[in-house]
2 protein chains.
Amino acid sequence: MGALQNEPKKADLQLTAVLYALSDETRLQIVQSLAKTPEIACSYFDIHMPKSSLSHHFRVLRTSGVITTRKKGTALLNRLRREDLSERFPGVLESVLAASTAMSRRR
Amino acid sequence: MGALQNEPKKADLQLTAVLYALSDETRLQIVQSLAKTPEIACSYFDIHMPKSSLSHHFRVLRTSGVITTRKKGTALLNRLRREDLSERFPGVLESVLAASTAMSRRR
DNA sequence: ACTATGGTTCGAGTATATTCGAACTAAGGA
DNA sequence: TCCTTAGTTCGAATATACTCGAACCATAGT
């Protein structure tokens with residue numbers, strides 16, 4: 001509880017909040033990883049960054065409604081809210097994901 | 001010149017910058033208006049806000065590459081960079097526009 | 001009960017954005 | 001030439017976000 005309660009319900013998703021959450025390289029990187037796997041723990045990312053910073057970015061993603069987090073033992077498993085997002089904002093997550101993976105492939 | 005030179009070339013468009021520019025209600029409102037008309041002057045919006053603030057938001061849209069601005073007499077005409085954006089980030093602007101007009105219709 | 005793991009929260013410092021008035025500039029019209 | 005229009009730029013105030021160490025809190029294992 002606590003962190004997991006800040007997730008907005010589907011009807012309360014705000015487009016601007018979602019776009020803001022996605023407008024950051026680190027968070028986009030997290031979202032890309034989540035797009036490849038159903039559920040991942042925060043610790044599973046090879047993003048070199050103090051855990052309090054990572055936690056901050058996960059919270060932004062969580063409170064904006066991009067991801068959902070559930071407890072599994074001692075870890076927190078994160079999942080993209082694909083269905084909710086594509087119902088409320090069809091194509092947004094999909095196209096951002098496509099564009100961002102296209103960009104990271106280019107480098 | 002000056003303001004109009006800050007526009008990034010198509011190849012230099014940054015996804016995060018575009019998403020950031022779109023993650024604000026005022027700017028989204030501007031983008032929605034621009035989507036309905038080919039070109040509009042800044043003064044043409046019924047956004048009640050001091051002109052220096054409006055100018056700021058137009059600059060964010062301009063420097064991120066969402067809009068392009070050209071001079072026409074004493075006014076500046078703004079246009080959405082639809083083609084550039086959909087070539088670089090297919091579907092992003094389109095879906096954001098669709099979602100945002102859907103939201104503003106709801107209120 | 002102790003310890004380790006995987007995270008969150010707090011707090012402070014720094015950086016970045018937003019707001020807005022005021023001064024400026026360029027172009028058009030009287 | 002003077003005035004107006006349409007917008008930019010500057011500067012300062014305020015607000016918001018990011019970064020990160022330190023302290024904290026569950027849960028799992030020993």
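Quantities reported herein were computed from a predicted structural model and do not represent experimental measurements. Residue numbers start from 1 in every chain, and the chains themselves are labelled A, B, ... in the order their sequence lines are given, proteins ahead of strands. In what follows, every heavy atom counts, from backbone to side chain, and hydrogens, waters and symmetry copies are set aside.
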Determine whether a donor-acceptor pair (N or O, by modelled atom type, separation under 3.5 Å) exists between the side chain of [X] and the backbone of [Y].
X: Ser53(B); Y: Met49(B); answer: no
X: Ser23(B); Y: Tyr20(B); answer: yes
X: Arg62(B); Y: Thr69(B); answer: no

With a 4.0 Å limit, can you tell me whether Ser55(A) has a side-chain N or O closer than that to the phosphate oxygens OP1/OP2 of dG7(C)? no

Taking OP1 and OP2 of dA17(C), is either one under 4.0 Å from a side-chain nitrogen or oxygen of His57(B)? no

Can you find a pair of side-chain heavy atoms, one from Leu85(B) and one from Leu13(B), that are under 4.5 Å apart? yes

Any side-chain heavy atom of Leu61(B) sitting closer than 4.5 Å to one from Asn78(B)? no

Among residues at least two apart in sequence or on other chains, which ones pass side chain to side chain donor-acceptor pair (under 3.5 Å) with [X]?
X: Thr68(A); result: Glu7(A)
X: Lys51(A); result: none
X: Arg27(A); result: His57(A)
X: His56(A); result: none

Note: contacts of residues 45-54 of chain A with DNA chain C (heavy atom, under 4.0 Å) are Lys51(A), Ser52(A)

Look at the side chain of Val60(B) and decide which nucleotide, out of dT9(C), dT8(D), dT18(C), has an atom nearest to it. dT18(C)

Among the nucleotides dT8(C), dT8(D), dG6(C), which one has an atom lying closest to any side-chain atom of Ala75(A)? dG6(C)

Sugar-phosphate means primed atoms, P, OP1 and OP2; the rest is base. With that split, encode nucleotides 11-17 of chain D 5' to 3' as B, S or - using protein heavy atoms under 4.0 Å. ------S

Show me the pairs that pass ring-ring contact (aromatic ring centres under 6.0 Å, His included) and involve residues 66-95 of chain B, at least two apart or across chains. none

I'd like a table of atom pairs between the protein and nucleotides 26-30 of chain D - only N or O on both sides, under 3.5 Å - with the distance next to each one.
none

Distance from Thr63(A) atom OG1 to Asn6(A) atom CG, nearest 0.5 Å? 7.0 Å

Cut-off 3.5 Å, no hydrogens considered: what does the side-chain donor-acceptor table look like for residues 33-45 of chain B, sequence neighbours left out?
{"unit_1": "Ser33(B)", "atom_1": "OG", "unit_2": "Gln29(B)", "atom_2": "O", "d": "3.1"}
{"unit_1": "Glu39(B)", "atom_1": "OE1", "unit_2": "Arg70(B)", "atom_2": "NH2", "d": "3.1"}
{"unit_1": "Glu39(B)", "atom_1": "OE2", "unit_2": "Arg70(B)", "atom_2": "NE", "d": "2.7"}

Integer-rounded Å distance: [N] [atom2] and [X] [atom1]:
X: Leu61(A); N: dG7(C); atom1: CG; atom2: P; answer: 14 Å
X: Asn78(B); N: dA6(D); atom1: CG; atom2: P; answer: 14 Å
X: Leu77(B); N: dT5(D); atom1: CG; atom2: C1'; answer: 14 Å
X: Ile30(B); N: dT18(C); atom1: CD1; atom2: C1'; answer: 13 Å
X: Phe58(B); N: dA6(D); atom1: CZ; atom2: C1'; answer: 12 Å
X: Ile40(B); N: dA6(D); atom1: CD1; atom2: P; answer: 15 Å

So, using side chain to side chain contact (heavy atoms under 4.5 Å, CB included) as the criterion, who are the partners of Ser95(B) when residues are at least two apart? Val92(A), Ser95(A)

Enter the inter-axis angle for the ends of the helix from dA1(C)-dT30(D) to dA30(C)-dT1(D) (five pairs per end, rounded to 10°). 10°

Would you please name every residue forming a salt bridge (Lys or Arg N to Asp or Glu O under 4.0 Å) with Asp84(B), sequence neighbours left out? Arg81(B)

Closest-nucleotide mapping onto DNA chain C: is Asp24(B) or Arg59(A) further toward the 5' terminus? I mean the 5' end. Arg59(A)

